[in-house]
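Order of the sequence lines sets the chain letters (A, B, ...), proteins ahead of strands, with each chain counted from 1.
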2 protein chains.
Amino acid sequence: MPKIGMQPIRRQALIEAAIQTIHERGSLEVTVGQIAKRAGVSSALAHHYFGSKDSLILSTMRYLLTELTTDLRATLAAARTPRDRITQVIRANFTPSQFDPAVVSAWLVFYVRAQSSPEARRLLRVYAGRLHSNLAHALAQITDSVHAHAIAEGAGALIDGLYIRRALKSGSPDPESAIQVVETFVDAMLAQSEPIREISNGRG
Amino acid sequence: MPKIGMQPIRRQALIEAAIQTIHERGSLEVTVGQIAKRAGVSSALAHHYFGSKDSLILSTMRYLLTELTTDLRATLAAARTPRDRITQVIRANFTPSQFDPAVVSAWLVFYVRAQSSPEARRLLRVYAGRLHSNLAHALAQITDSVHAHAIAEGAGALIDGLYIRRALKSGSPDPESAIQVVETFVDAMLAQSEPIREISNGRG
DNA sequence: TATTTTTGATTGACTGCTCAATCAATAAAA
DNA sequence: TTTTATTGATTGAGCAGTCAATCAAAAATA
């Protein structure tokens, strides 16, 4: 029946349905049938396009990683100074599409998944590595390398922690206050590592 | 009856087996049979003592919360100054028994669980609430209330984030460096909120 | 002390259900 | 006709929870 070229459409629909279903159920204990139903197709078709549930889940992770990269590129485009680059890297993580409850839920369950799936773990390491190198690179232009890495490490952990806490909260997301926490952290750490310079960055 | 008084022994053994099994499998997708086997009993006995898998899991969460409280009391006993209390609250979260890989894995999966289980969510909120009030109370003695809450909020998220990252790392835990990250965070935030006072607390 | 009774502890076998994955068949384009 | 899209039906595995039955210590009794 179907017109040719359904593959990418179905894959996209199934991935987005997976994110929503994971959010709704609050865990990875979702069935292929539930995901497929939400995408408006049969579970058999989901298997047809992804081969296995595992593959669908991994594709969903990759999709989220790609979206994050896209958002990062978009925010970074506006950055001019190193300090501004830091701000934009942080902001990319709290974009509406990233800080969306369903997306946050998905990230959380993927962290658990990474504990038993080598490929999932690899993907999360890619994410953590990129975040760290983006932050550390910009930081290295305003402080020494040791502090740069330490601050990047802390900021990364802080972002992860804010995600976790977001997942536990009900109600609408508050990206701005989360961004503010990380910004304040970075400012405070920079101020401590270079007490001679100006503290404020005009965002406080 | 057989040796009377088996109940507490079995319950304890099953709870500890649950933590280990969850760690080993990296998720909550563990069977009662696996847990029971590790505890050296039949799955039927696990049901006999806990009623349901769900109840066993919740008991495991409560057990971890209790252990954390115990560790907290122990570290707090040594604290004299408000700043020292903060240090000890932080340290309690990175005690060897808390920062143990299996325990960290368990906390991580419980965070996911909290998304679909109201009781699990309640328990995590108890944890987050205690941590926050402990930190905020001590902080309020060295800075104003607004900053105290903000710093406590950030420190809590940071601790959660460090746990997540610990779960993803292989190899032995490094509690000291994690503690150092949080300590540095607190110092930096305090320094920024009160730029006139001394920055160092002698731990940097 | 010896015997009987009582009852918590414990398990193997079983049930009913869920789910991932497969397959054969159908429908519509190309 | 050949290829792509699609699904209902089916299967085989795995699992939570139940239950009837057994075991052995402890308490009561003789």
Side-chain angles (χ1 to χ4, degrees), chain A residues 1-61 106 109-110 112-113 116-120, chain B residues 1-61 109-110 112-113 116-117 119-120:
Chain A
M1 357 141 137
K3 35 281 156 124
I4 182 174
M6 280 290 100
Q7 173 146 348
I9 295 171
R10 293 304 189 205
R11 285 183 65 102
Q12 172 84 12
L14 282 164
I15 284 173
E16 283 172 4
I19 295 170
Q20 290 302 323
T21 308
I22 286 168
H23 173 56
E24 187 177 289
R25 309 273 306 186
S27 88
L28 263 184
E29 283 169 40
V30 294
T31 72
V32 175
Q34 289 162 356
I35 296 172
K37 185 174 183 183
R38 187 174 213 118
V41 299
S42 71
S43 73
L45 193 64
H47 277 98
H48 173 66
Y49 283 126
F50 285 97
S52 69
K53 178 183 181 178
D54 198 65
S55 168
L56 167 55
I57 297 300
L58 287 174
S59 293
T60 304
M61 276 191 75
V109 304
F110 289 152
V112 172
R113 176 62 157 210
S116 57
S117 159
E119 176 65 5
Chain B
M1 340 138 162
K3 32 217 165 156
I4 171 176
M6 280 290 101
Q7 173 148 348
I9 296 171
R10 294 306 188 202
R11 285 182 66 102
Q12 172 85 13
L14 282 163
I15 284 173
E16 282 171 5
I19 295 170
Q20 290 302 323
T21 308
I22 286 168
H23 174 57
E24 187 177 291
R25 309 273 307 188
S27 87
L28 263 184
E29 284 170 39
V30 294
T31 71
V32 174
Q34 289 162 357
I35 295 172
K37 186 175 182 181
R38 188 173 213 117
V41 299
S42 71
S43 73
L45 192 63
H47 279 99
H48 174 64
Y49 282 127
F50 285 96
S52 69
K53 178 182 181 179
D54 197 63
S55 167
L56 167 55
I57 296 301
L58 286 174
S59 292
T60 304
M61 277 192 74
V109 304
F110 288 150
V112 172
R113 176 63 157 207
S116 57
S117 159
E119 176 64 4

Determine the contact category for A:Y49: base if any of its heavy atoms lies under 4.0 Å from a base atom, sugar-phosphate if only primed atoms, P, OP1 or OP2 are that close, otherwise nothing.
sugar-phosphate

Distance from A:S117 atom OG to A:L58 atom CG, nearest 0.5 Å?
5.0 Å

What distance separates B:I35 CD1 from B:Q20 CD, expressed to the nearest 0.5 Å?
11.5 Å

A correct 5'-to-3' footprint of nucleotides 19-25 of chain C, with B, S and - meaning base, sugar-phosphate only and no protein heavy atom under 4.0 Å, is SSBBB--

Rounded to the Å, how far apart are B:L45 CG and D:dC23 P?
17 Å

Terminal helix-axis angle for the helix from C:dT1-D:dA30 to C:dA30-D:dT1, with five pairs defining each axis and rounding to 10 degrees:
0°

B:K37 has an atom NZ; how far is it from atom C1' of C:dT10, in whole Å?
18 Å

With side chains defined as the heavy atoms from C-beta onward, is the minimum distance between B:R113 and B:D54 less than 4.5 Å?
yes

Quick check against the 3.5 Å criterion: does A:S43 have a side-chain atom that pairs as donor or acceptor with the backbone of A:A36?
no

Could you tell me if the side chain of B:Q12 sits less than 4.5 Å from the side chain of B:I15, heavy atoms only?
no

Counting only pairs under 3.5 Å, give me each side-chain donor-acceptor contact of residues 23-31 of chain A, with atom names and distances, residues two or more places apart or in other chains.
residue: A:H23; atom: ND1; partner: A:S105; partner atom: OG; Å: 2.8
residue: A:E24; atom: OE1; partner: A:R38; partner atom: NH1; Å: 2.7
residue: A:E24; atom: OE1; partner: A:R38; partner atom: NH2; Å: 3.2
residue: A:S27; atom: OG; partner: A:E29; partner atom: N; Å: 2.8
residue: A:T31; atom: OG1; partner: A:G33; partner atom: N; Å: 3.4
residue: A:T31; atom: OG1; partner: A:Q34; partner atom: N; Å: 2.9

Rounded to the nearest 0.5 Å, the CZ atom of B:R11 sits from the CG atom of B:L45 at a distance of 11.5 Å

Just how far, in rounded Å, is C1' of C:dT7 from CE of B:M6?
15 Å

Heavy-atom distance under 4.5 Å between the side chains of A:F50 and A:I57, does that happen here?
no

Report the distance from atom CD of A:Q7 to atom P of D:dT4, rounded to the nearest whole Å.
10 Å

Taking OP1 and OP2 of C:dT10, is either one under 4.0 Å from a side-chain nitrogen or oxygen of B:R10?
yes

